[in-house]
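Counting starts at 1 for both ligands and their atoms, following the listed order.
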Amino acid sequence: MQFIDLKSQYAALQGRIQARMQAVLDHGQYIMGPEVAELEAALAARVGVAHCITVSSGTEALLIALMALDLQPGDEVITTPFTFAATAETIVLAGGVPVFVDIEPDTANLDASLIEAKIGPKTKAIMPVSLYGQVADMAEINAIAARHGLAVIEDAAQSFGATYQGRASGGLSTFGATSFFPSKPLGCYGDGGALFTDDARLAQAAREIRVHGQSQRYRHTRVGVGGRMDTLQCAVVLAKLERFDWEIERRLALGQRYGELLAELPVQRLAVRPDRDCVWAQYTLFVPEREAVQVALKAEGIPTAVHYPIPLNQQPAYARFCCPDCTPNATAAAARVMSLPMSADLSEADQDRVVAALARALQR
Ligand SMILES: *Cc1c(COP(=O)(O)O)cnc(C)c1O
């Protein structure tokens with residue numbers, strides 16, 4: 001069994017993916033070819049925003065968003081320590097200071113009620129992460145940001161396709177940033193990402209930053225990066241979009257089914273708030289004695305993963321930004337989270353096998 005089954009997805013989409021890639025090889029516009037604008041239009045429409053800017057990765061999307069917001073050295077960005085390193089890394093790369101706020105113990109998302117106490121004169125933005133595919137408390141976070149004149153960047157790398165109060169993840173704040181890393185809910189066959197915004201000025205800034213800060217060829221009006229997404233990768237995502245609605249339905253159904261099957265076991269499931277869904281970029285739950293459970297599952301051929309074993313404020317690179325025990329819920333979650341195999345092509349039979357093996361592992 002695979003942790004994420006990308007082979008079945010390719011088998012189902014092979015003809016479309018190959019035709020899309022062949023079209024790029026035929027026209028030869030490998031950089032900024034027509035598939036780039038086509039994908040940006042399709043994604044902007046899907047997310048319900050005016051502007052989509054494809055970029056070379058989810059990490060680059062976050063960095064470009066911060067650069068477009070004109071983050072200055074020492075500016076503070078409030079975020080969660082319980083995330084992939086890219087979230088805090090880009091804040092530091094942009095010259096900013098990550099200010100870590102603890103998570104809710106049941107959703108593992110940023111606890112919005114703790115944000116306001118951390119806002120000071122240097123605070124410039126809030127960067128919540130929609131972890132595991134569930135959007136954080138964006139209404140509360142947007143309201144706090146509006147009161148204090150801050151920008152909000154949603155790290156939607158794991159939540160593309162999720163909805164929140166009937167609206168799409170990525171389109172809920174100043175910027176939404178997503179990733180097309182192969183294992184994400186919508187993945188390409190390499191690195192890729194996208195930014196979403198309704199603000200025409202910020203969209204223009206992001207477009208310029210993506211190509212070395214050029215407003216026209218060889219006119220560099222700002223400092224930028226080499227951040228374009230390849231035409232070939234855009235072609236792959238365009239092909240995958242044709243099945244994406246079905247995949248999201250499958251993810252929601254499999255997540256629901258995991259929840260029902262796990263209800264009798266001594267594990268804590270992730271809470272999903274009633275006004276949103278979770279697209280389960282990983283199906284993550286809280287288990288006791290995680291290492292022993294992982295070993296037992298591995299012995300039965302069932303792969304698991306830990307997202308994430310160490311909160312960022314306890315990582316050597318980020319320890320200087322926060323004391324190690326200032327975010328106790330993140331520390332507790334890091335000790336107990338475990339992710340089970342999940343993808344749109346996971347079969348119910350395999351899902352049953354996972355849960356049966358987990359039940360045996362927990363009985364030991
Ligand atoms: C994957 C991920 C990123 C980075 O995306 P890349 O495309 O791998 O650069 C950023 N934030 C979170 C929460 C992620 O899961």
Visitor: Taking the inter-plane angle between the rings of Phe100 and Tyr318 on a 0 to 90° scale, is it parallel (under 30°), tilted (30 to 60°) or perpendicular (over 60°)?
Guide: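 Taking Tyr318 first and then Phe100, their aromatic rings stand perpendicular (interplane angle over 60°).
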Visitor: With a 4.0 Å heavy-atom cut-off, what residues sit around ligand 1?
Guide: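 Within the 4.0 Å shell of ligand 1, which is judged on heavy atoms, sit Ser57, Gly58, Thr59, Thr83, Phe84, Ala86, Thr87, Val129, Asp155, Ala157, Gln158, Ser179, Phe181, Lys184, Gly192, Tyr308.
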Visitor: Would Glu208 and Thr221 count as a side chain to side chain contact (heavy atoms under 4.5 Å, CB included) here? Give the steps.
Guide: CA-CA 8 Å; Glu208 292 179 13; Thr221 49; 3.1 Å; yes
Visitor: Is the ring pair Phe84/Tyr308 parallel, tilted or perpendicular, if the boundaries are 30 and 60 degrees?
Guide: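 Ring orientation, 0 to 90° scale: tilted.
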Visitor: Are Arg257 and Asp352 ion-paired here, with the side-chain N under 4.0 Å from a carboxylate O?
Guide: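 Yes, this pair counts.
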Visitor: If you round to the nearest 0.5 Å, how far is CD1 of Ile78 from NE2 of His148?
Guide: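 His148 atom NE2 to Ile78 atom CD1 measures 8.5 Å (nearest 0.5 Å).
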Visitor: Between Ile31 and Asp230, is the side chain to side chain contact (heavy atoms under 4.5 Å, CB included) condition met? List the steps.
Guide: CA-CA 6 Å; Ile31 298 292; Asp230 297 345; 4.3 Å; yes
